[in-house]
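Please read the structure below before turning to the comments.
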Amino acid sequence: MSRTSNRADGDIVQDFLSVADLLEEPQLAQLYAYLAREGEATVQDVMDDLELAQGTAYSYVNRLVDAGVVDVTDDEQPRRYAAREIDLTVTTAAGDREYTITPALIDAVGRRETDADIDTYIDRHGVAGLATALTYAVARERGEVTHRLMAEDLDISPLAAEMILQALRPVVHEHYDIEEGGAGLDELDVGDAADDA
């Protein structure tokens, strides 16, 4: 679902609205991330792996198919579904920041339901803030920045920076090529960051 400027405006707007649903409903984001991770899955797989009731699983899968972010890959029973690649760049209303909606960001939003640190960060900084934090998390895991640099750049406490970086670490390692042992510049734990708060 990568979009370029030669697309019709209506198509781009529809794509954005479809992706916006994923960013506003963590359960849909979680399902999308699951399908992206698995490659293909049946509704039974979704029910088993995400522990969803049958009606809920069918409803969510159908919503994602209708939104155009999931495709039916096999019409034979049982049907198989796969997530479409999403790469959509959005500019904030103030025009001061641009961020890209990717499967990694959608995965991070989906973890909101089970990770209190991600949930709190989204409440305080919005999805755009989470997208920015994800960029820092990738750079942190590559050894390019520290939690202190992130805190200074974003005008947040070092503790808040360390907590969201730790929460996003599994997302980063699942979606990006990170060399083992590449955490580099600051491998502090949250307790060390608390001393900075």
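- R84 contributes atom CZ, which lies 13.5 Å from atom CG of L35 (distance to the nearest 0.5 angstrom).
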Full working for side chain to side chain contact (heavy atoms under 4.5 Å, CB included) between D71 and V65: CA-CA 6 Å; D71 291 322; V65 169; over 6 Å; no
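- Between L165 and R169 the shortest side-chain heavy-atom distance does not fall below 4.5 Å.
- Here ring-ring contact (aromatic ring centres under 6.0 Å, His included) pairs that include residues 106-143, with residues two or more places apart or in two chains, are Y121-H125.
- Within 6.0 Å of atom CD in E113, more than 12 heavy atoms from other residues, nucleotides or ligands are found, so the atom counts as buried in its surroundings.
- A heavy-atom distance below 4.5 Å is found between the side chains of R140 and Q166.
- Atom CG of L64 and atom CG of L31 lie 5.0 Å apart (nearest 0.5 Å).
- Residues V109 and P26 share a closest heavy-atom pair of O-CB, 3.8 Å.
- A side-chain donor-acceptor contact under 3.5 Å links D45 to the backbone of T42.
- The shortest non-hydrogen separation linking P158 to H147 is O-CD2, 3.3 Å.
- Using a 4.5 Å heavy-atom cutoff, the side chains of L159 and M163 are in contact.
- Atom CG of D177 is surrounded by 12 or fewer heavy atoms from other residues, nucleotides or ligands within 6.0 Å.
- In this structure, the side chains of V138 and T135 stay at 4.5 Å or more apart for every pair of heavy atoms.
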The test is side chain to side chain contact (heavy atoms under 4.5 Å, CB included); show your working for Q30 and I106 and say whether it passes. CA-CA 8 Å; Q30 184 180 44; I106 294 167; over 6 Å; no
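- Side-chain contact of D49 with Y34: a donor-acceptor pair under 3.5 Å is present, judged by distance alone.
- Residues H175 and P103 form a side-chain contact, since some pair of their non-hydrogen atoms from C-beta on lies under 4.5 Å apart.
- Summarising the geometry of E141 relative to I178, their closest heavy-atom pair is O-CG2, 3.6 Å, with the distance given to 0.1 Å.
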Evaluate side chain to side chain contact (heavy atoms under 4.5 Å, CB included) for D107 paired with R111, printing each intermediate quantity in order. CA-CA 6 Å; D107 186 5; R111 293 175 192 231; 2.9 Å; yes
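- Using a 4.5 Å heavy-atom threshold, the side chains of L130 and L168 count as touching.
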Show me, pair by pair, the donor-acceptor contacts under 3.5 angstrom made by side chains of residues 53-63, not counting sequence neighbours?
from	atom 1	to	atom 2	distance (Å)
N62	ND2	Y58	O	3.1
R63	NH1	E25	OE1	3.2
R63	NH2	E25	OE1	3.4
R63	NH2	E25	OE2	2.5

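- Of all non-hydrogen atoms in G39 and A82, the two that sit nearest each other are O-CB, 3.1 Å.
- A side-chain donor-acceptor contact under 3.5 Å links T73 to the backbone of R80.
- Results of the side-chain contact (heavy atoms from CB on, under 4.5 Å) test with R112 over D117, D119, T120, V127 single out D119 as the only residue that passes.
- The closest donor-acceptor contact from the side chain of D74 to the backbone of E76 lies under 3.5 Å.
- More than 12 heavy-atom neighbours from other residues, nucleotides or ligands sit within 6.0 angstrom of CZ on R37.
- Atoms CD1 and CZ, from I164 and R124 in turn, are 10.5 Å apart once rounded to the nearest 0.5 Å.
- Summarising the geometry of L105 relative to I101, their closest heavy-atom pair is CD2-CA, 4.0 Å, with the distance given to 0.1 Å.
- Contact detail for A108 and I118: the closest heavy-atom pair is O-CG2, 3.5 Å.
- Within 6.0 Å of the CD atom in Q77, the count of heavy atoms belonging to other residues, nucleotides or ligands exceeds 12.
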